[in-house]
Amino acid sequence: MNVVYCGYDFFWNVLQEILNGGHPLHALYTFHTDNRYDFHDKVTALAHGVGAPVHLSPITLDGLAHIPRQDRHLLICAAYPHKVPAAVIDSFDYAVNVHPSLLPEGRGPWPLPWSILRGDACTGVTLHKLARDWDVGDIILQQEVTISADENLESLSAKVQLCAAPLLNQFLAHPDVLWRAARPQGSGHYRGWPSAADRTICWDDDVANIQRIIRAFGKFESYAVIQGRNYFVRDATVWRQQHAYVPGTVVHAMNKEIVVAARDGLICMRHFEPAAPSP
């Protein structure tokens, strides 16, 4: 099956699965990444390895002109930030999106932090038909993953990534049958980008909620004010403890870590750094 792939490294193993199955890659559409939080090195290397052209601009119908209509079998989008034009979708036999939630819950660009913030018991991966609106196409396949009590963004990302490639492989084994059997989503909830307030630690809060925020954003950082200065926070350990400190007080400093008081306990800040001052 001839494939055009849209995405970056979050679901790079999906592209690897396609190539492992012997499906020709006609083009990769990715985007300029910041190479701090987002990367496209792996998908780009896979495309170069099979001689497929790599495009950093959004996919368009004109941009596909070099691929004959009879060779446009499968369009796969996996963590692709650009809306695919309807004319592009209609030009493929199959147009599929890989989404990291159990749709219709968790529509939106970044559902995984919300799953942790909300205390969800599970999430998963959905393969669905691309549609003219975001994340609303008929569901082809889904795989549930359990969210543990101490889940963080990195571990949850790993779980959904490990599910995605086998799920796509199921579709590739029986595309006609599964395409025809796809079911409408029904109503669900859209989760937009988390705001700065959603990502900000309040020291007057209890340690469980503070830890949940830190776990939800991980290396993508939550925010905190410590001694009047703004910080990015990537990891911390918390514990409940009675104390007489004012919340937000730095009560102890080690070589690289500090301990900050919250309402009902203490937080050992393990990986954090000052935020650059606003221009």
Side-chain angles (χ1 to χ4, degrees), residues 8-13 31-42 79 81 100-101 106 108-120 123 145-162 191-241 245 247-279:
Y8 72 121
D9 282 358
F10 185 83
F11 278 130
W12 73 270
N13 57 327
F31 55 96
H32 291 282
T33 54
D34 58 23
N35 296 323
R36 178 177 179 180
Y37 304 105
D38 299 320
F39 302 84
H40 61 214
D41 300 346
K42 292 182 183 294
S101 80
W110 200 22
L112 295 183
W114 287 115
S115 294
I116 297 173
L117 287 173
R118 287 162 43 86
D120 293 342
T123 185
V145 300
T146 300
I147 301 176
S148 65
D150 59 350
E151 200 79 69
N152 59 47
L153 181 62
E154 286 74 31
S155 62
L156 188 55
S157 296
K159 287 180 179 180
V160 301
Q161 289 164 5
L162 287 168
R191 308 291 177 191
W193 286 106
S195 68
D198 295 321
R199 300 173 71 158
T200 298
I201 295 166
C202 176
W203 301 115
D204 288 320
D205 207 347
D206 62 67
V207 293
N209 286 335
I210 290 172
Q211 186 181 51
R212 186 177 295 113
I213 292 171
I214 295 169
R215 289 190 288 106
F217 296 102
K219 65 183 180 182
F220 289 89
E221 300 156 349
S222 46
Y223 310 137
V225 177
I226 304 171
Q227 295 180 326
R229 187 170 184 182
N230 294 322
Y231 282 81
F232 296 131
V233 180
R234 298 187 185 89
D235 190 27
T237 301
V238 313
W239 62 93
R240 294 186 186 277
Q241 178 178 324
Y245 301 112
T249 301
V250 176
V251 304
H252 184 60
M254 294 172 277
N255 287 337
K256 293 184 178 181
E257 300 82 20
I258 60 173
V259 179
V260 182
R263 185 180 71 200
D264 64 343
L266 301 175
I267 295 94
C268 179
M269 309 286 285
R270 299 178 61 238
H271 299 291
F272 64 105
E273 67 180 32
S278 301

Exercise. In Å and rounded to the nearest 0.5 Å, what is the CZ to CD1 distance from F217 to I201?
Worked result: 10.5 Å
For this session: Say whether, by atom type as modelled, one donor and one acceptor occur between the side chain of D9 and the main chain of K42 under 3.5 angstrom.
Result: yes
For this session: With rounding to the nearest 0.5 Å, note down the distance linking CD1 in I214 to CZ in R199.
Result: 13.0 Å
Exercise. Heavy atoms, side chains only, cut-off 4.5 Å: are P100 and F11 in contact?
Worked result: yes
Exercise. Take atom CZ in F31; do more than 12 heavy atoms of anything else shown fall under 6.0 Å from it?
Worked result: yes
Problem set entry | Non-hydrogen side-chain atoms of V259 and E257 separated by less than 4.5 Å | no
Exercise. So, do Y223 and F232 sit near enough that their side-chain heavy atoms are less than 4.5 Å apart?
Worked result: yes
Exercise. How long is the span from the CG atom in D198 to the CG atom in L117, to the nearest 0.5 Å?
Worked result: 7.0 Å
Exercise. Roughly how far apart are L156 CG and T146 OG1, rounded to 0.5 Å?
Worked result: 10.5 Å
Problem set entry | I213 side, atom CD1; I116 side, atom CD1 - distance, nearest 0.5 Å | 12.0 Å
Exercise. If you round to the nearest 0.5 Å, how far is OG1 of T33 from CZ of F10?
Worked result: 15.0 Å
Exercise. Can you check whether Q161's main-chain N or O pairs, donor with acceptor, with N13's side chain at less than 3.5 Å?
Worked result: yes
Problem set entry | E151 and its salt bridge (Lys or Arg N to Asp or Glu O under 4.0 Å) partner, picked from R215, K159, R212 | K159
Exercise. In a check of side chain to side chain donor-acceptor pair (under 3.5 Å) between R234 and each of E221, H271, E154, which one passes?
Worked result: E221
Exercise. Do R118 and D120 meet the salt-bridge criterion of a basic N to acidic O distance under 4.0 Å?
Worked result: yes
Exercise. Do L153 and P113 have side chains that get closer than 4.5 Å, going by heavy atoms?
Worked result: yes
Exercise. Does the side chain of I226 reach to within under 4.5 Å of the side chain of M269, using non-hydrogen atoms?
Worked result: yes
